[in-house]
Structures are given as structure tokens and as C-alpha cells.
Amino acid sequence: MSEPLERGVAAIAASGINHEVTRHGPVRSLAEAAAARGLQPRNVIKTLVVRRAEDDYLFVLVPGDREIAWPRLRAELGVNRLSMPDAAQAREVTGYERGTITPFGSARPWPVLADATLAEDGRLVSIGGGAHGVAVTVAAADLIRVLDARVADVTDPA
């Protein structure tokens with residue numbers, strides 16, 4: 001097992017929430033990831049790293065069928081400017097490569113903001129496990145609770 005994978009899966013296990021680890025081959029799209037995990041695209045969670053200021057980041061959990069509504073996210077965070085770090089910077093601040101990023105076991109414990117749609121219907125969701133082709137399925141409510149995620153309406157349909 002790779003070090004990021006060990007760290008991500010261990011952190012999820014340590015959280016105490018019920019979870020199921022899924023391993024699948026490489027995927028090239030959200031639709032492929034959803035199919036490999038036996039879920040609808042809306043239940044595959046994209047973990048996006050957003051930069052508020054120098055050395056100030058947060059994770060934004062976005063359902064697969066949605067995208068960040070930048071004006072609402074800026075308003076929610078009370079900032080005028082946000083950016084997405086490049087791949088090298090994202091790896092530096094999380095310890096994970098793009099496509100594998102998860103708040104669990106991150107190199108630094110950045111705050112988490114979950115889109116409000118995740119709290120709507122008691123659904124199961126799949127979040128990255130720290131390595132390509134590895135995901136963890138959990139109850140969205142448990143995910144929000146253990147990550148102490150702030151919940152806000154910050155996305156629009158893709």
C-alpha cells in the first residue's frame with residue numbers, strides 16, 4: 001500500500017464511521033468512477049482544494065453532478081478572491097495528488113465545507129481514499145459530522 005493510501009484509509013478507519021473501501025482500476029471520468037463504484041454520479045464526491053489566501057486553504061466537497069458556484073462560495077467565506085492551487089501546490093498542502101485528494105489524512109487539517117445538497121437525503125457517498133482507484137463509501141451525514149464540515153449552498157448543477 002502506498003503511504004498516501006495508508007494515511008487516507010487509516011484516517012477514515014480511525015474516524016469510527018461505517019465505511020466500505022472500494023478498489024477499482026483507472027478511470028478517466030466521473031461517470032466511469034461512478035460506474036466502477038456502483039453509484040450515481042451525484043453520489044461521487046469531488047474534494048476540491050481552494051485557496052483563500054497565502055497558506056490558507058480549505059476543502060470543498062462537491063457532488064459529482066454539481067460544480068462550485070464561485071460567487072456564492074466567496075460570499076459564504078466572506079472573501080473577494082479565491083483560487084485553485086496548481087497540482088504541485090495542491091500536493092504540497094494536502095499530501096495527495098490531484099484525483100486522490102481527501103480531507104482524511106491530509107498533510108494539514110484544513111477546514112471542510114460541504115455543499116448543502118449532501119445533507120438533504122441521507123444518501124451514501126463515495127469520497128477519495130488517498131490513491132488512484134481507491135474510494136470509500138460512507139453515509140453523507142457521517143462524513144459531514146466527522147469532518148466537522150460547514151454546510152452551505154455553494155454549488156450549481158453541472
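The basis for the numbers below is simple: all heavy atoms, side chains too, and nothing from hydrogens, waters or symmetry mates.
The structure places CD1 of Ile12 at 12.0 Å from CG of Asp142, a figure rounded to the nearest 0.5 Å. Within the model, atoms CG of Leu48 and CG of Leu58 stand 10.0 Å from one another, a figure rounded to the nearest 0.5 Å. Between atom OG of residue Ser126 and atom NE2 of residue His19 there is a gap of 12.0 Å, rounded to the nearest 0.5 Å. Here Ser83 contributes atom OG and Gln89 contributes atom CD; the two are 9.5 Å apart, rounded to the nearest 0.5 Å. Between the CH2 atom in Trp110 and the OH atom in Tyr57 there is a gap of 7.0 Å [rounded to 0.5 Å]. Taking CG of Asn43 as the start and CG of Asp65 as the end, the distance is 8.5 Å to the nearest 0.5 Å.
Residue-environment remark: CD (Glu32) exceeds the threshold of 12 foreign heavy atoms within 6.0 Å. The environment of CG in Asn18 is sparse: at most 12 heavy-atom neighbours from other residues, nucleotides or ligands sit within 6.0 Å. The number of heavy-atom neighbours closer than 6.0 Å to CG of Asn80, taken from other residues, nucleotides and ligands shown, is 12 or below.
With hydrogens and angles disregarded, a donor-acceptor distance shorter than 3.5 Å links the side chain of Arg72 to the backbone of Thr155. Looking at Thr102, its side chain never comes within 3.5 Å of a backbone N or O of Gly129 through a donor-acceptor pair. With hydrogens and angles disregarded, a donor-acceptor distance shorter than 3.5 Å links the side chain of Arg7 to the backbone of Gly95. Arg123 places a side-chain N or O within donor-acceptor distance of the main-chain N or O of Arg42, the cut-off being under 3.5 Å.
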Requested in this report: Step by step, work out the side chain to side chain contact (heavy atoms under 4.5 Å, CB included) result for Arg91 and Arg98.
Outcome: CA-CA 7 Å; Arg91 183 178 182 137; Arg98 275 199 184 149; over 6 Å; no
Query raised in the report: Can Lys46 and Asp115 be said to form a salt bridge (Lys or Arg N to Asp or Glu O under 4.0 Å), step by step?
Result: CA-CA 11 Å; Lys46 300 176 285 191; Asp115 184 60; over 6 Å; no
**Report entry** side chain to side chain contact (heavy atoms under 4.5 Å, CB included) evaluation trace for Glu20 with Val136
**Finding:** CA-CA 5 Å; Glu20 180 181 332; Val136 180; over 6 Å; no
Requested in this report: Start with the C-alpha gap between Thr117 and Arg66, add the side-chain angles, then the distance that decides, and say whether side chain to side chain contact (heavy atoms under 4.5 Å, CB included) holds.
Outcome: CA-CA 9 Å; Thr117 60; Arg66 300 185 68 83; 3.7 Å; yes
**Report entry** Chi angles and distances behind the side chain to side chain contact (heavy atoms under 4.5 Å, CB included) call for Thr137, Val125
**Finding:** CA-CA 5 Å; Thr137 301; Val125 297; over 6 Å; no
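Summarising the geometry of Pro103 relative to Ile127, their closest heavy-atom pair is CD-CD1, 3.8 Å, with the distance given to 0.1 Å.
Using modelled atom types, one finds no donor on one side chain facing an acceptor on the other under 3.5 Å when comparing Arg37 with Thr22.
Between Asp56 and Arg51, every side-chain heavy-atom pair lies at or beyond the 4.5 Å cut-off. The side-chain heavy atoms of Leu124 and Val138, taken from C-beta on, include no pair separated by under 4.5 Å. Looking only at side-chain heavy atoms (C-beta outward), Val49 and Thr94 come within less than 4.5 Å of each other. Under the 4.5 Å side-chain criterion, counting only non-hydrogen atoms from C-beta, Leu147 is in contact with Phe104. Counting heavy atoms from C-beta outward, Leu82 and Arg52 have side chains that approach closer than 4.5 Å.
Under a hydrophobic clustering in which Ile, Leu, Val, Met, Phe, Trp and Tyr are joined whenever their side-chain heavy atoms come within less than 4.5 Å, directly or via other members, Val112 and Tyr96 fall into the same cluster. Under the 4.5 Å side-chain contact rule for hydrophobic residues, Val27 and Ile45 do not share a cluster.
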